[in-house]
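Below: the structure, in structure tokens.
All heavy atoms count here, side chains included; hydrogens, waters and symmetry mates do not. If you read the sequence from its start, that first residue is 1, and numbering goes on from there.
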Amino acid sequence: MRENDTSRDVFNAIADPTRRQLIYLLADTEEVPLHELTSHFEMGRTAVSKHLTILKEADLVYDRKVGRETRYRLNPSPLKEVQDWVAFYSKYWSANMMRLSDLLEEEEE
């Protein structure tokens, strides 16, 4: 994780529910125009565009111009950092749950 550069921090980018929803929408398709993404939210195009900018700064989305339209697509690679972080803590919780299970078994005896 890049502690000093929050603008490119994947964790910061996915902290917002709107941005997580955008990632979800982009995951199901190859490329989506801004106006189509905006239709899924109760906010204007400018607000959705700001959320997409944060995702773009974290390298989670790519954009390209097609005429006057901007299209977005997901770049899932940075999500590996999140997956690795969760995997680390999954091991931690599994080990602690096993210890708890062992303690409970000892108390039953």
Side-chain angles (χ1 to χ4, degrees):
M1 181 167 47
R2 298 172 283 271
E3 292 178 25
N4 296 331
D5 189 4
T6 58
S7 68
R8 296 185 46 83
D9 181 17
V10 173
F11 291 92
N12 182 51
I14 66 169
D16 185 272
T18 300
R19 293 192 288 270
R20 290 193 304 269
Q21 180 66 22
L22 284 165
I23 290 169
Y24 176 79
L25 293 168
L26 290 168
D28 284 343
T29 186
E30 190 167 314
E31 207 173 59
V32 183
L34 176 59
H35 71 86
E36 191 175 316
L37 289 169
T38 303
S39 71
H40 294 275
F41 299 95
E42 293 183 14
M43 62 181 79
R45 187 179 284 208
T46 302
V48 172
S49 184
K50 286 180 181 180
H51 284 289
L52 287 163
T53 297
I54 292 168
L55 292 173
K56 185 177 171 186
E57 288 172 352
D59 294 328
L60 285 163
V61 298
Y62 297 125
D63 67 343
R64 72 180 182 106
K65 290 277 193 187
V66 178
R68 293 179 12 192
E69 181 178 75
T70 304
R71 295 176 179 226
Y72 293 87
R73 66 185 167 96
L74 180 65
N75 174 26
S77 299
L79 292 172
K80 174 98 171 76
E81 184 177 354
V82 176
Q83 181 183 16
D84 292 346
W85 187 83
V86 170
F88 172 80
Y89 284 100
S90 291
K91 288 183 222 173
Y92 169 80
W93 284 111
S94 292
N96 282 333
M97 293 306 283
M98 289 188 66
R99 283 190 214 122
L100 178 60
S101 178
D102 292 345
L103 284 172
L104 291 172
E105 285 178 15
E106 286 176 14
E107 282 188 13
E108 287 179 1
E109 294 175 354

| field | Set of side-chain hydrogen bond (donor to acceptor under 3.5 Å, both in side chains) partners for His40, sequence neighbours left out | value |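 Applying side-chain hydrogen bond (donor to acceptor under 3.5 Å, both in side chains) to His40 gives none.
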
| task | Could you tell me which residues satisfy side-chain hydrogen bond (donor to acceptor under 3.5 Å, both in side chains) with Arg20, sequence neighbours excluded, listed by chain and number? | result | none

Solution key, residues 43-54 side-chain donor-acceptor pairs under 3.5 Å, sequence neighbours excluded:
residue, atom, partner, partner atom, Å
His51, ND1, Arg19, NH1, 3.2
Thr53, OG1, Ser49, O, 3.0

| task | Look only at the side chain of Asn75 and the backbone of Asp59, and say whether a donor-acceptor pair between them is shorter than 3.5 Å. | result | yes

Validation: residues 24-33 side-chain donor-acceptor distances under 3.5 Å, sequence neighbours left out:
residue, atom, partner, partner atom, Å
Glu31, OE1, Arg64, NE, 3.2
Glu31, OE1, Arg64, NH2, 2.9
Glu31, OE2, Arg64, NE, 2.6

| With sequence neighbours left out, what residues match Asp63 under salt bridge (charged side-chain N to carboxylate O under 4.0 Å, His left out)? | Lys56

| Set of salt bridge (charged side-chain N to carboxylate O under 4.0 Å, His left out) partners for Lys65, sequence neighbours left out | none

| Minimum side-chain heavy-atom gap Leu22-Phe41 below 4.5 Å |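 In short, these two side chains touch, coming nearer than 4.5 Å.
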
| If you round to the nearest 0.5 Å, how far is CZ of Arg71 from CG of Leu37? | 11.5 Å

| remark: On a heavy-atom basis, the closest approach of Ala13 and Ala58 is CB-CB, 3.7 Å

| Would you say Tyr62 and Val10 are hydrophobically clustered, going by side-chain heavy atoms of ILVMFWY under 4.5 Å? |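 No, Tyr62 and Val10 fall in different hydrophobic clusters.
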
| Joint hydrophobic cluster, Leu74 plus Val66, side-chain heavy atoms closer than 4.5 Å | no

